[in-house]
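Chain letters run A, B, ... following the sequence lines, proteins first, then strands; residues in each count from 1.
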2 protein chains.
Amino acid sequence: MNLTLRLVDAAERLFDRHGYMATGMDQLTRAAGMSSRTLYKHAGSKAQLMAAVLAERDRRFLRQIEVSSVEALFAALAGWIRDEGARGCLFLRSRAETGGDIPEIADAVAAHKTALRQRVAGIVAADLGAAPDPLLVDQVLVLVEGATHAAVTLGPEAVEAARSAAAVLVAQARA
Amino acid sequence: MNLTLRLVDAAERLFDRHGYMATGMDQLTRAAGMSSRTLYKHAGSKAQLMAAVLAERDRRFLRQIEVSSVEALFAALAGWIRDEGARGCLFLRSRAETGGDIPEIADAVAAHKTALRQRVAGIVAADLGAAPDPLLVDQVLVLVEGATHAAVTLGPEAVEAARSAAAVLVAQARA
DNA sequence: GCATATGTAAAACGCTCGTTTTACATTGCA
DNA sequence: TGCAATGTAAAACGAGCGTTTTACATATGC
């Protein structure tokens, strides 16, 4: 089995559930079932491992929201939260935990947020069948971030609230 | 000067900028200008200090959004972010950093989020002049969380997007 | 004028951190 | 047959962690 894959999967789980700083390298080696020597050969450093985790999560999340309507976007988000739980955005959390001071992490977060914004713009455009008003794109993006973080305390109802709010905004843009 | 106040202020600054886990007690004593003996006499422990920081921030934030219209709510949020910067919600961040495993912190976060929801409900009620639809309250809450977290990457435009989206929803509820 | 409270400075506590190193086992290919 | 690659196990590295303790200074109020 691919050691790097096993490592990144275990690391994503631990970093997501307990935080980047709170997760020690020995917990990582135990969870991934490999020696620290092998871990460092594959990952380089803890920060690079987190960057690899974020790159993998970026791919996985963008695949999850490979849709062409705003309605489907929030349905996909609801599915993600049902499967993964609601602990807020791992990208923003890891950036905040490290004060934005670790380039590998800060860069991975910036790349993800840029890609997310472009993806949302594409979804809104496909839904409307026209070039999207930038304000509407920002609004849907805010609703996605809001659902992600409000779900920590509100649960799935946060996504439903975001979905219905977005529907109103899109309907109004169509009119 | 009040030592506890000085301590909590310094701690809020450091925890907010660098994270809870990444901030050491020696940095805290240096920033607060007191010995570790005094710090522990006043704060009890690092977790209790964080709880005190969150309690103080809760008071300060709720005072900032002491308004009676949704429009004013987002204006107040814009002011907060202009003054404090956009690093995401310190409550959610500190909870996530500690995996929700530290009761002092988890409790302070839960209390704040409950109070915030009630405050938003009151603002929507005052704005509409009627008992608010719970869905509309959730939607405004999602927009507040969304503006807070989207502002990390989008800047103040995230708040403007949330403000305009909320305006549409409130106008529709009034009709 | 002496106890009590409140503070500082600094060392020590035992433990964990991220990372590197030493020593050895297994495998696959020339 | 033997060398290079790839892995494990475990110790060691120096530093930093949160917290407590020891020793001492300075005020305040009876």
Side-chain angles (χ1 to χ4, degrees), chain A residues 1-54 93-108, chain B residues 1-54 93-108:
Chain A
M1 185 190 307
N2 189 332
L3 284 182
T4 300
L5 192 78
R6 224 171 67 202
L7 171 58
V8 170
D9 279 4
E12 179 175 355
R13 188 175 183 83
L14 288 173
F15 286 152
D16 183 39
R17 291 196 130 73
H18 307 295
Y20 172 72
M21 287 289 186
T23 301
M25 297 308 274
D26 57 336
Q27 302 167 59
L28 259 346
T29 60
R30 234 178 294 123
M34 67 184 60
S35 68
S36 73
R37 199 180 203 278
T38 304
L39 187 153
Y40 274 91
K41 174 156 293 182
H42 283 78
S45 70
K46 193 185 187 185
Q48 284 174 257
L49 176 56
M50 182 44 127
V53 164
L54 294 179
R93 283 161 49 203
S94 56
R95 199 192 118 100
E97 267 204 79
T98 56
D101 294 331
I102 297 182
E104 293 102 319
I105 295 177
D107 292 353
Chain B
M1 185 189 309
N2 189 333
L3 284 182
T4 300
L5 192 79
R6 224 170 68 200
L7 172 58
V8 171
D9 279 5
E12 180 175 355
R13 188 177 183 79
L14 288 174
F15 286 152
D16 183 41
R17 292 195 129 73
H18 307 294
Y20 172 72
M21 287 290 186
T23 301
M25 297 308 275
D26 58 335
Q27 302 168 59
L28 259 346
T29 59
R30 234 178 293 122
M34 68 184 58
S35 68
S36 73
R37 200 179 203 279
T38 304
L39 187 152
Y40 274 91
K41 175 155 292 182
H42 283 79
S45 70
K46 192 186 187 184
Q48 284 174 258
L49 176 56
M50 182 44 127
V53 163
L54 293 179
R93 282 161 49 203
S94 56
R95 199 192 118 99
E97 266 205 81
T98 56
D101 295 330
I102 297 182
E104 294 102 317
I105 295 177
D107 292 352

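- Backbone-only engagement by A/Ser45 is indicated by non-hydrogen atom pairs under 4.0 Å involving sugar-phosphate atoms exclusively.
- Taking CZ from B/Arg13 and CG from B/Leu28, the interatomic distance works out to 13.5 Å, rounded to the nearest 0.5 Å.
- Residues passing the side-chain hydrogen bond (donor to acceptor under 3.5 Å, both in side chains) test with B/Ser36, sequence neighbours excluded: none.
- Here B/Arg30 pairs with B/Asp26 under the side-chain hydrogen bond (donor to acceptor under 3.5 Å, both in side chains) rule; sequence neighbours left out.
- Contact annotation for B/Gly33: backbone-only contact, meaning every heavy-atom pair under 4.0 Å involves sugar-phosphate atoms and none involves a base.
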Return a table of donor-acceptor pairs under 3.5 angstrom between the side chains of residues 98-108 of chain A and protein atoms on other chains or two or more places apart.
residue	atom	partner	partner atom	Å
A/Thr98	OG1	A/Ser94	O	2.9
A/Thr98	OG1	A/Arg95	O	3.2

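- Taking every heavy atom of residues 21-32 of chain A and every atom of DNA chain D, no pair lies under 4.0 Å.
- With rounding to the nearest 0.5 Å, the separation of CG in B/Leu39 from CZ in B/Arg6 is 10.5 Å.
- Along DNA chain D, read 5' to 3', the first and last nucleotides having any atom under 4.0 Å from a heavy atom of chain A are D/dG7 to D/dA10.
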Ignoring hydrogens and angles, write down the donor-acceptor pairs under 3.5 Å from the side chains of residues 15-24 of chain B, residues two or more places apart or on other chains.
residue	atom	partner	partner atom	Å
B/Asp16	OD1	B/Arg93	NH1	3.0
B/Asp16	OD2	B/Arg87	NE	3.2
B/Asp16	OD2	B/Arg87	NH2	2.9
B/Tyr20	OH	B/Ala47	N	3.4
B/Thr23	OG1	B/Leu14	O	3.4
B/Thr23	OG1	B/Gly19	O	2.7

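- Spacing between atom NE2 of B/His42 and atom C1' of C/dG7 amounts to 9 Å, rounded to whole angstrom units.
- Residues A/Val8 and A/Val53 approach most closely at O-CG2, 3.7 Å, considering heavy atoms.
- Following rounding to the nearest Å, A/Met50 (CE) and C/dC17 (C1') show an atom-to-atom distance of 17 Å.
- Closest-nucleotide positions on DNA chain D for B/Lys46 and B/Arg37 were compared, and the one nearer the 5' end corresponds to B/Lys46.
- In this structure, B/His42 NE2 and B/Arg37 CZ are separated by 12.5 Å, a value rounded to the nearest 0.5 Å.
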